[in-house]
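Some notes on the structure that comes next.
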Amino acid sequence: MERYSSGGAAAQNAPAEAGLHARVLDHLGTAICGGDPAPGAVLNIDELVDRYAVSRSVIREVLRVLASIGFIETRRRVGVMIRPANDWNVFDPQVIRWRLASAGRITQLRSITELRTAVEPHAAWLAATRADHDEASDLVGLAAKMWAAGKAGDEERFLSLDIEFHRRVLVASGNEMFVRLQDLIAEVLTGRHKHHLMPHHPSDEALQLHADVAAAIQRHDGERARRAMVQLMEQAFDEMKSIWEQSGEPDGS
């Protein structure tokens with residue numbers, strides 16, 4: 001980033017630079033996730049400056065971020081090269097958001113749902129053995145609020161509550177590595193809503209399963225909590241699969 005001798009000038013330009021950086025980063029990140037430019041392609045900094053009408057410092061900062069998550073590498077006598085998807089940090093929430101915004105959204109949705117199916121049922125089991133009274137009561141209360149929002153057709157409130165519900169299950173598990181997945185899960189819940197990969201209104205089954213998970217955690221019934229969360233993951237996956245089959249999008253299999 002460029003530095004300024006005047007503190008006032010720096011403060012004035014910082015928000016503008018940050019906004020340009022975010023715009024270019026999102027556009028280029030989504031494009032790379034969509035395969036254009038393809039792995040092995042070489043990026044030209046001057047061309048990027050012209051394409052996005054920004055300064056070289058903005059482009060350099062964007063490339064620094066892309067390099068940190070494995071999207072690009074700089075090679076001597078070659079330049080800035082796009083790396084294959086196998087090299088990406090697929091756990092980075094930004095990468096998940098870009099993949100959901102790209103043509104590869106179905107593949108991303110499938111892989112993240114498979115990860116959730118492996119992790120969240122065990123997190124629910126752990127929460128049933130470790131959650132204190134207040135944590136368990138809060139989950140029951142959240143499930144009730146989700147039911148009300150779902151029945152009222154309040155999609156934005158339901159999404160917010162859904163993210164909070166799954167976050168709290170991970171936290172209540174007491175496993176610090178599970179907790180670190182909360183931002184990743186928030187991105188996929190937000191993305192599937194934004195890109196219309198879920199029904200407009202949650203089904204009664206989904207609402208009931210959230211309530212079942214919370215009730216089992218409150219009763220310290222780990223096996224019932226685990227089974228209810230497995231059913232919730234399977235139910236969500238079936239709904240998503242139905243939607244993408246109707247859309248005719250490739251499923252990445």
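The figures here come from the full heavy-atom set of this structure, side chains too, leaving out hydrogens, waters and symmetry mates.
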Nearest-0.5 Å distance, CD of residue E61 to CZ of residue R56:
14.5 Å
Identify the two heavy atoms, one from [X] and one from [Y], that lie closest to each other, and give their separation to 0.1 Å.
| X | Y | result |
| --- | --- | --- |
| L161 | L142 | CD2-CD2, 3.7 Å |
| T30 | D26 | OG1-O, 2.8 Å |
| V188 | I96 | N-CG2, 4.4 Å |
| D221 | A128 | C-CB, 3.9 Å |
| R192 | A236 | NH1-CB, 4.0 Å |
| R226 | A124 | N-CB, 4.5 Å |

So I72 and M81, side-chain contact (heavy atoms from CB on, under 4.5 Å) or not? Walk me through it.
CA-CA 5 Å; I72 62 172; M81 180 177 291; over 6 Å; no
Taking the inter-plane angle between the rings of H122 and F178 on a 0 to 90° scale, is it parallel (under 30°), tilted (30 to 60°) or perpendicular (over 60°)?
perpendicular
Less than 3.5 Å apart, any donor N or O on the side chain of H193 or D162 sitting next to an acceptor on the other?
no
Any donor-acceptor N or O pair under 3.5 Å, side chains E234, T117:
no
Would you please test F71 and V95 for side-chain contact (heavy atoms from CB on, under 4.5 Å) and show each step?
CA-CA 9 Å; F71 273 31; V95 176; 3.8 Å; yes
Any side-chain heavy-atom pair of L25 and L66 under 4.5 Å
yes
With a 6.0 Å cut-off on ring centres, are H220 and H133 close enough?
no
Yes or no on salt bridge (Lys or Arg N to Asp or Glu O under 4.0 Å) for D212 and R224, after CA distance, side-chain angles and deciding distance?
CA-CA 8 Å; D212 291 346; R224 188 177 293 273; over 6 Å; no
Step by step, work out the side-chain hydrogen bond (donor to acceptor under 3.5 Å, both in side chains) result for Q235 and E239.
CA-CA 6 Å; Q235 188 266 347; E239 286 183 337; 2.6 Å; yes
Given 3.5 Å as the limit, does a donor-acceptor pair link the side chain of W88 with the main chain of R83, or not?
yes
Yes or no on side-chain contact (heavy atoms from CB on, under 4.5 Å) for R167 and V179, after CA distance, side-chain angles and deciding distance?
CA-CA 7 Å; R167 184 190 74 81; V179 173; over 6 Å; no
